[in-house]
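See below for the structure under consideration.
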Amino acid sequence: MCQLGGLADCMQRQRDVIGAYVGAAESVAQGVGEVFKRFGTGHEKVEEGCLYGDLNGRVLKDAHRIEDSPQRAEWTGEEGFGFDSQEPFHCTARFRPAVAAFVESIAEPKKKCAHSRDQRPLPTAASKLPMLDLINFLPDECLQEIFRYLPKLQDRCACAFVCTRWLMLQSHMHQQDFKTSAVKSEGSLQQHSECVRLVGISSDPKKAHNYSTALQKGLHHLPEVQQGIVPIVSGKDYPGEDKPRVERQPERATMRELSQSLEGRKASDVRLAFVALGTLSYGGLGKLTIKGGAALNGGNGVGNGGLLAIGNCCAALRCLSLWDCLKVGDEGLQAIGNGCHLLENLDLLKCPKVGNAGIKAIAKGCPLLSTISLDSCRSVGDEGLIAVGKWSSVMLSVAVSNCGLVGSNGIAAIGAGCKKIKMLKLERLNVSDEGLTLLGEHCKALERMKLANLQGWTEAGIISLFKGAGLQLLKSLSIFGCLGITDRSLEEVGKVCRYLKLCVLSQCPKLTDEGLKAFMQCCPCLVRLQLQRCNAITHKGLLAALILCQGNLQTLRLSECNGVQDQGLLPTEFQLNPLALKSLQILYCKGLGNGYLAVMGHCCPSLEHLNLSGLVDVTDEAVMMILQGSGRKLESLNLSGCIKVSNVSICAVAKYCAKHLTRLVLDGCCNVGDPSLKMVAIECKALEELDASQTAITDDGVRTLVEARGPFLQTLTLSGCNFLTDHCLSLIEQSCPFLGALNLKHCPHLTHVALNILESHLLDCVLLYG
């Protein structure tokens with residue numbers, strides 16, 4: 001209350017404050033009675049202004065016991081408050097003069113009396129009335145009018161942390177609602193000039209006034225602003241507590257960005273308002289991430305009221321991410337657009353109430369917006385994307401996924417308006433060929449593009465997309481679930497995108513060997529190629545395409561391509577020159593076995609990463625052949641699910657890959673046991689990560705492993721090993737001091753007592769068991 005007494009210089013002691021509020025209550029009751037009639041019973045209940053919804057602090061019987069008073073300085077963090085936070089708070093023009101006059105009468109200094117104030121008795125009303133919490137009987141408009149006379153940020157924060165009602169009222173007041181002392185008197189002007197001088201700007205009153213006006217209007221054309229001279233934001237070094245709130249927002253170049261992430265029950269409007277006001281003295285938040293809320297853990301959730309607080313207090317906000325925020329709507333985004341003009345990154349995931357109006361407000365109010373991601377926002381349509389194309393001229397990245405109302409018009413507007421865009425992701429949208437054509441004509445700076453499960457586009461649309469003047473600088477292309485990808489359309493892609501380095505083709509059933517060969521021949525810069533579920537491509541077409549790639553391809557990934565088989569393949573049929581492949585990944589390709597791997601082993605001498613997961617037909621013979629030709633430089637080997645691989649293959653790994661191998665995965669190789677693992681532990685001096693899940697390893701094999709490589713192992717996975725006992729746990733504890741992760745799940749012979757002891761000793765290790 002002493003902080004609140006700073007509203008007027010005449011209030012020097014607490015009893016004068018109490019007397020003034022008693023008089024205020026009488027004045028309001030007599031002179032502004034119509035305000036109470038207007039609000040009715042909604043403001044007659046004291047519990048709506050209290051922390052816990054009861055009559056906290058109505059009578060202060062003991063002055064030293066104030067833990068139940070709503071005027072306490074501490075904030076307990078209660079999430080509920082007694083008014084609808086989504087409703088704006090403005091004093092009606094009819095009552096504002098009366099309320100202003102009432103507050104001015106309190107704040108206006110009185111002439112000095114002959115007698116000292118300390119000797120004056122309390123007002124008569126104070127001696128007759130009990131010490132009630134009369135200020136919380138005032139409606140919200142009256143309290144906000146009082147708060148407008150708090151020039152210092154310290155005073156505002158003290159009032160805001162009294163109770164949740166005062167907190168939300170403060171956070172919903174715009175920075176321009178507070179009366180500053182910049183132009184009231186000579187003393188206040190000198191004080192304002194001193195604040196300006198402290199931040200490095202001339203203390204000349206004229207320049208100081210121009211600087212303040214420029215900041216308030218959002219203009220940054222003054223020489224002092226262009227030179228990057230900004231307020232100091234550190235709480236230790238920043239003495240200008242009397243500066244207006246708007247001058248506390250530093251420039252991006254020298255701002256210390258503050259970030260905050262709220263998840264689950266922690267995500268609420270009250271907590272968000274608390275964060276917004278608490279970071280105000282440091283320039284406000286720079287990055288805010290909100291995940292879940294009411295939808296995930298039964299909390300109150302973040303709504304428009306919380307974003308209104310952020311919009312009023314965090315003008316320096318640059319990144320905003322809202323995930324699973326079911327209560328956030330257009331009003332919240334409009335508050336961000338009106339207050340956070342430095343916003344650059346907007347990420348919305350599963351926000352069903354956000355519509356075109358909110359996206360419009362962001363696009364129009366945030367001219368620096370360069371990245372926008374909309375995923376599963378069912379109320380956003382073409383109108384919102386048209387606004388983005390119109391106002392966001394510096395847009396660099398656009399991602400729109402699973403928004404049912406977005407169609408060709410919105411995508412065309414993005415292409416026509418955002419000419420600097422470099423990354424585009426369109427997924428699960430209803431886009432026609434016309435929309436794709438406009439993208440190809442205007443997006444000349446596009447470098448990365450992902451098109452997935454788009455309804456309504458055909459082979460002609462893809463050809464028109466890549467025939468335009470744009471997309472010539474494209475370096476990364478990912479296409480998923482497209483029936484329009486045929487041999488002809490893919491050849492057109494190769495002719496236009498001469499600088500393409502990464503190509504991902506998934507679920508393209510009409511693509512055959514001829515189209516793949518033509519594409520590879522037209523892309524000399526291609527470095528990475530990924531094919532998934534392209535069942536029309538065979539082993540002959542793939543090997544022919546590798547011959548035509550001119551030796552620049554470094555990564556080849558085949559996943560579930562059932563057309564690549566060994567049937568009819570002879571190792572001498574293809575004479576491949578040595579390829580530049582460093583990573584070969586062949587995953588779950590049914591029918592692929594020893595023949596294809598033997599061919600690849602002879603032409604990949606520089607191979608560093610080999611992944612053969614899920615190849616159930618691969619035997620020891622194929623593994624040994626590929627290791628003989630490509631195992632000298634191998635750093636990572638994954639044989640998960642190769643059930644026909646035995647100790648013979650693993651001994652070959654220890655022989656050919658001893659120098660550089662750091663990671664070995666043998667998950668599901670049930671025929672691998674102690675003999676080969678002992679050899680790997682002794683020969684592979686660089687081994688740091690081993691996965692021997694569901695193998696036949698025993699305590700004896702673990703002993704040899706940890707004695708040879710224990711001090712160097714970082715990750716060890718032994719889940720599903722049925723032959724391990726508690727004896728191996730003591731060996732791991734003694735020999736693996738730097739182990740970071742240990743997985744012992746589904747080991748039936750390990751007891752919980754031994755596992756708990758191991759966990760207590762390996763303090764820096766993530767232990768999984770059960």
Basic-acidic side-chain contact under 4.0 Å: Lys360, Asp330: no
Backbone N/O of Leu396 and side chain of Ser370: donor-acceptor pair under 3.5 Å: no
Side chain proximity check, Leu424 to Arg448, heavy atoms < 4.5 angstrom: no
Value rounded to 0.5 Å, distance of NZ in Lys353 from SG in Cys377: 14.0 Å
Side chain to side chain contact (heavy atoms under 4.5 Å, CB included) assessment of Leu150 paired with Cys159: CA-CA 9 Å; Leu150 296 173; Cys159 290; 3.7 Å; yes
Separation between CD1 of Ile362 and CD1 of Ile372, rounded to the nearest 0.5 Å: 8.0 Å
Check: Leu349 and Leu322 side chains under 4.5 Å, non-hydrogen atoms: no
Gap between atom CG of Leu308 and atom OG of Ser171 - 0.5 Å precision: 7.0 Å
Rounded distance (nearest 0.5 Å) linking atom CD of Glu427 with atom CG of Asn453: 6.5 Å
Residues Lys425, Ser401; criterion side chain to side chain contact (heavy atoms under 4.5 Å, CB included); working and verdict: CA-CA 8 Å; Lys425 175 185 175 183; Ser401 302; 3.6 Å; yes
Check: Asp382 side chain, Gly407 main-chain N or O, donor-acceptor pair, under 3.5 Å: yes
Leu317 vs Leu342 side-chain heavy atoms within contact, under 4.5 Å: no
Residues Glu263, Lys266: salt bridge by 4.0 Å N-O rule: no
Side chains of Leu348 and Asp375 in contact at under 4.5 Å (non-hydrogen atoms): no
Atom of Leu169, atom of Phe147 and distance for their closest heavy-atom approach: CB-CE1, 4.1 Å
Spatial distance of atom CG (Leu285) from atom OG1 (Thr289) [nearest 0.5 Å]: 10.0 Å
For the student: nearest non-hydrogen atoms of Leu272 and Leu307, plus distance: CD2-N, 4.0 Å
Note, Leu326 side chain near Pro352 side chain (heavy atom, < 4.5 Å): yes
Heavy-atom closest pair, residues Cys403 and Val380: CB-O, 4.2 Å
Considering all heavy atoms, the nearest Lys350-Asp324 contact: CD-OD1, 3.2 Å
Close side-chain approach of Leu320 and Asn345, heavy atoms under 4.5 Å: no
Residue pair Arg165, Leu143: steps toward the side chain to side chain contact (heavy atoms under 4.5 Å, CB included) verdict: CA-CA 10 Å; Arg165 182 189 179 194; Leu143 287 177; 3.5 Å; yes
Any donor-acceptor N or O pair under 3.5 Å, side chains Asp347, Trp323: yes
Derivation of the side chain to side chain contact (heavy atoms under 4.5 Å, CB included) call for Arg148 and Met173: CA-CA 9 Å; Arg148 292 178 66 235; Met173 295 178 67; 3.7 Å; yes
Close side-chain approach of Val162 and Leu167, heavy atoms under 4.5 Å: no
From CA spacing to verdict: salt bridge (Lys or Arg N to Asp or Glu O under 4.0 Å), Lys327, Asp269: CA-CA 11 Å; Lys327 296 183 179 180; Asp269 285 343; over 6 Å; no
Separation between OG of Ser376 and CG of Asn402, rounded to the nearest 0.5 Å: 4.0 Å
Flag, side chain of His172 to backbone of Gly305, donor-acceptor distance under 3.5 Å: yes
Minimum-distance pair of heavy atoms, taken over all atoms of Leu369 and Val394: O-CG2, 3.6 Å
Non-hydrogen atoms of Leu343 and Cys366 that approach each other most closely: CB-SG, 3.7 Å
